[in-house]
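Okay, so here's the structure we're looking at.
Please read all numbers here as calculations on a predicted model, not as lab measurements. In what follows, every heavy atom counts, from backbone to side chain, and hydrogens, waters and symmetry copies are set aside. Naming convention: chains lettered A, B, ... in sequence-line order (proteins, then strands); numbering from 1 in each chain.
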2 protein chains.
Amino acid sequence: MSFAMPNTDVSLASEWRDLLARHARVNAALERELQRDHRLSVTEFEALSRLAEKDGDGCRLQQLVDDIHMSQSALSRLIGRLHDEGLVHRRTCSDDRRGIFACITDEGRERLAQAEVTQADVLARTLHDA
Amino acid sequence: MSFAMPNTDVSLASEWRDLLARHARVNAALERELQRDHRLSVTEFEALSRLAEKDGDGCRLQQLVDDIHMSQSALSRLIGRLHDEGLVHRRTCSDDRRGIFACITDEGRERLAQAEVTQADVLARTLHDA
DNA sequence: GGACTATACATGCATGCGCATACATTGCAA
DNA sequence: TTGCAATGTATGCGCATGCATGTATAGTCC
């Protein structure tokens with residue numbers, strides 16, 4: 001067991017399988033219900049959620065890449081989709097004109113608030129049980 | 001709903017974020033190194049690994065769908081790719097001609113055995129540290 | 001200033017995924 | 001038997017992703 005032999009290859013592999021299973025179970029349920037009730041994907045929800053935590057002007061995309069687990073190109077398009085839906089607006093940074101500030105809109109905050117209820121519900125149901 | 005208990009919405013959400021981060025970190029490292037050293041994706045490795053555990057004739061795709069966290073269509077194509085690489089062979093089930101048995105080949109077992117070394121290494125490095 | 005490198009974001013492209021559906025086979029009922 | 005629903009797999013399609021690259025701006029060294 002894990003006390004006598006804590007880190008054998010086998011126990012690491014089965015721990016990884018558990019992580020995969022858990023992630024897949026929760027993610028699939030979230031994806032389904034967020035999409036159905038709020039037309040948001042899990043990644044879109046996550047991005048909105050991170051943006052909502054930033055004060056004021058939002059934050060640079062570069063900073064979001066670190067928060068969110070996604071390539072820079074995927075994030076660029078993700079913000080584009082949220083922008084097209086009016087949930088986020090983009091603004092070029094004045095002191096570094098390479099940078100883009102993304103900022104959640106009021107409509108974005110509304111959609112997020114509603115989706116958070118669904119997320120809490122799904123997590124309560126799926127995060128801890130089989 | 002939540003009593004004076006630790007499972008508030010906030011703690012559930014942050015637990016989910018931790019799970020996302022952990023999954024992303026390990027998965028990205030595995031994907032990179034399995035691909036680089038063995039030309040296998042994480043899902044391909046996982047499928048080979050499950051198939052190797054089945055005795056004798058392999059198992060039906062339907063059964064693999066339950067083991068692996070993937071849609072039926074994705075699994076069908078995944079097995080197709082493994083087949084094209086000679087790591088798996090397919091056989092129609094004799095008693096139910098709708099079913100397909102997938103079975104790992106000797107070459108598949110070799111690739112898997114080599115990849116398992118890499119996997120163990122990556123897991124030892126990434127599963128438990130930040 | 002001019003040239004070169006580094007950084008931030010956008011985009012062409014190839015790929016894997018899920019959904020819906022098609023197709024083949026099985027089983028069940030009338 | 002015939003007809004029809006159910007099951008197992010394959011496939012057309014649209015979409016999100018990562019990689020490589022393009023474009024613009026910033027910073028550095030001469």
Side-chain angles (χ1 to χ4, degrees), chain A residues 20 23-25 27-36 39-48 51 57-85 88-103, chain B residues 20 23-25 27-36 39-48 51 57-85 88-103:
Chain A
L20 274 179
H23 174 271
R25 174 165 46 82
N27 199 65
L30 268 182
E31 193 72 54
R32 183 170 1 99
E33 305 199 23
L34 284 178
Q35 193 62 248
R36 186 194 58 196
R39 287 175 310 159
L40 287 175
S41 71
V42 171
T43 53
E44 286 161 356
F45 175 90
E46 185 69 11
L48 273 186
L51 276 177
D57 299 336
C59 73
R60 297 176 69 135
L61 299 194
Q62 180 60 26
Q63 198 178 339
L64 271 183
V65 170
D66 300 331
D67 292 344
I68 250 183
H69 318 289
M70 183 173 274
S71 70
Q72 177 269 323
S73 68
L75 179 66
S76 175
R77 292 183 228 256
L78 174 56
I79 295 296
R81 291 197 300 277
L82 293 176
H83 175 79
D84 292 344
E85 289 217 43
V88 152
H89 66 79
R90 284 189 277 204
R91 196 161 48 71
T92 63
C93 177
S94 53
D95 50 319
D96 182 350
R97 297 174 55 79
R98 295 170 301 181
I100 301 283
F101 278 106
C103 184
Chain B
L20 274 179
H23 174 271
R25 174 164 47 84
N27 198 65
L30 268 181
E31 194 72 54
R32 181 170 2 98
E33 304 198 23
L34 285 178
Q35 195 62 248
R36 185 193 59 196
R39 289 175 308 159
L40 287 175
S41 70
V42 171
T43 53
E44 286 162 357
F45 175 90
E46 184 68 11
L48 272 186
L51 276 176
D57 300 334
C59 73
R60 299 177 68 137
L61 298 196
Q62 181 60 26
Q63 197 178 340
L64 271 184
V65 171
D66 300 333
D67 292 346
I68 246 183
H69 317 288
M70 182 172 273
S71 72
Q72 177 270 323
S73 69
L75 179 65
S76 175
R77 291 183 229 255
L78 174 55
I79 296 297
R81 291 197 299 276
L82 293 176
H83 176 78
D84 292 344
E85 290 217 42
V88 151
H89 66 77
R90 283 189 278 203
R91 196 162 48 70
T92 63
C93 177
S94 52
D95 50 320
D96 182 349
R97 297 172 54 79
R98 293 170 300 182
I100 301 282
F101 277 107
C103 184

Whole angstrom value for the distance that separates [atom2] of [N] from [atom1] of [X]:
X         : N       : atom1 : atom2 : answer
Glu85(A)  : dC15(D) : CD    : C1'   : 14 Å
Asp95(A)  : dA26(D) : CG    : C1'   : 11 Å
Gln72(A)  : dA24(D) : CD    : C1'   : 13 Å
Glu31(A)  : dC19(C) : CD    : P     : 9 Å
Leu75(A)  : dG18(D) : CG    : P     : 10 Å
Phe101(A) : dA8(C)  : CZ    : P     : 12 Å
Leu78(A)  : dC15(D) : CG    : P     : 15 Å
Ile68(A)  : dT17(D) : CD1   : C1'   : 13 Å

Residue closer to the 5' end of DNA chain D, Cys93(A) versus Met70(A) (nearest nucleotide): Met70(A)

Quick check on DNA chain D: between Arg60(B) and Ala74(B), whose nearest nucleotide comes earlier from the 5' end? Arg60(B)

Taking atom CZ of Arg81(A) and atom OG of Ser76(A), what is their separation to the nearest 0.5 Å? 10.0 Å

Report yes if at least one side-chain N or O of [X] is closer than 4.0 Å to OP1 or OP2 of [N]; otherwise report no.
X        : N       : answer
Thr43(A) : dT17(D) : yes
Gln62(A) : dC9(C)  : yes
Ser73(A) : dA16(D) : no
Arg81(A) : dT17(D) : yes
Arg77(B) : dG12(D) : no

Tell whether Arg98(A) reaches the base of dT7(C) with its side chain through a donor-acceptor pair below 3.5 angstrom. yes

Taking atom CZ as the centre, does Arg97(A) end up with more than 12 heavy-atom neighbours from other residues, nucleotides or ligands that are less than 6.0 angstrom away? no

Do Thr43(A) and Ile68(A) touch side chain to side chain, with heavy atoms closer than 4.5 Å? no

Side-chain contact test, heavy atoms from C-beta onward, threshold under 4.5 Å: evaluate it for Arg60(A) versus Asp96(A) and give yes or no. yes

For Arg90(B), answer base if it contacts any base atom (sugar-phosphate contacts may also be present), sugar-phosphate if it contacts only those atoms, and nothing otherwise; contact means non-hydrogen atoms under 4.0 Å. sugar-phosphate

So which heavy atom on His69(A) is nearest to which on Ala24(B), and how close? CB-CB, 3.4 Å

